[in-house]
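Here's the structure we're looking at; comments come further down.
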Amino acid sequence: MRKLYFLDLKDKGLYRRHTTSATSKPRLDVESILNRMRFKSLIINHYFFGLTNPNLFIKILYRLKIIRLLNVFNIWFHSLKFKSIRDSIITVQYPFLNGKMAKLLQTLSKKNKIILIFHDYYTYNDKGMRNYEESIINSSNVIVVHSDAMEKEFNIEGFNKDMVKLKFFDYLNKYDTKKEVSKTNINIVFAGNLEKSLFINQLPEITQNSNLHFLLYGKERENLPINSQISYMGSFHNEDIENVEGNWGLVWDGDSVYTCEGRYGNYLRINAPFKLSLYLAMGIPVIVWSESAMAPYVRQLKLGVTVKSLKDVEAAITSLKDEELKEIQNSVHHYSKKVKSGQMLEEAVKKCLEIIDNE
């Protein structure tokens, strides 16, 4: 029986600084789930990555590129340690915190089978990344992608590898309250990067003469359009979701409330945003763009509503029949338990192992 390993480059300082964003939790949850599946962790520590407020000594080390050389040496040293690993299955998360990980992955792939879990696919918005991502993909045997749409994009680029679709990420959490779904008192949570979510500026245009109330969570920025129907709620630790208010969760991006557009909005066509997993963990249904990669899953699995424009949200929710609302509530409760216990990734990785075993 092949040994199972999980390889990652980790920066504890980076993770500590991003406890209120989606920077650290998805990657840490993947590690926890794989450890539970008996994957042994091979962790390489990354030093002083993105250090905030460095002292003079650290600044000098940065200026002399000492820390960069230290990290290069660290990866090289670990590559020597890992040389003895062979005939094993190694799971790796992409993107890497350091580009040198690509060479280590290529080395390990010569004597082992590689499962590659994608968090982000940069080639979709930046064709300059294609050759780099192609080299990483070519070092793998099976890839965990987000959606049907992401798989299609990989095929368009000629990345013809075995792929397993995750649908959406897990969100490990012990929070266990089942919320009631409402179609009259509609309180919509939006948790994310408020700085880049410029559509927020247009929210007053769609809340006029409506019963919608938006609850904004994230790092505060200037000129938020706060009024009686748009509230800034602050930020929260990504483990402390129990007291996050709201009974619907919004997955939206870009500059406009009328469609998802621009670099960030367009990426929703293939991506599984981590905020969707957050809302499911909270036990609330989701509102997604009808052209997003998540829309088919939301419709098929009855996890909420899909809309072309945010001006259609109130009509989409209030038009739901009581039995439809009940189906949504039951399905959200079911998938809430799945994402909080890590079953989405566990099922995907088991499929990857089956593919490798049948090669």
Non-hydrogen side-chain atoms of Thr91 and Tyr5 separated by less than 4.5 Å: no

Which residue in the set Tyr121, Tyr122, Tyr94 passes side chain to side chain donor-acceptor pair (under 3.5 Å) when paired with Glu133? Tyr94

Got Asn330 and His334 here, is their nearest side-chain heavy-atom distance under 4.5 Å? no

Under a 4.5 Å side-chain heavy-atom rule over Ile, Leu, Val, Met, Phe, Trp and Tyr, are Leu203 and Leu198 clustered together? no

Using the side-chain contact (heavy atoms from CB on, under 4.5 Å) definition, which of the options Ile115, Asn112, Leu105 pairs with Ile90? Asn112

Not counting sequence neighbours, which residues clear ring-ring contact (aromatic ring centres under 6.0 Å, His included) with Tyr217? List them please. Phe236

With under 30° as parallel and over 60° as perpendicular, where do the rings of Tyr267 and Tyr124 fit, or are they tilted in between? tilted

For Phe168 and Tyr279, I'd like to know if the aromatic rings sit close, meaning centre-to-centre distance below 6.0 Å. no

For the ring pair Phe118 and Phe154, is the centre-to-centre distance below 6.0 Å? yes

I want to check something: taking the side chain as every heavy atom from C-beta on, are Val257 and Ser309 in contact at a cut-off of under 4.5 Å? no

Within 45 degrees of the axis of the six-membered ring of Tyr171 and under 6.0 Å from its centre: does Lys340 put its NZ or CZ there? no

Verify ring pair (Phe, Tyr, Trp, His ring centres under 6.0 Å) between His119 and Phe169, making sure each step is shown before the conclusion. CA-CA 9 Å; His119 287 274; Phe169 285 91; 5.2 Å; yes

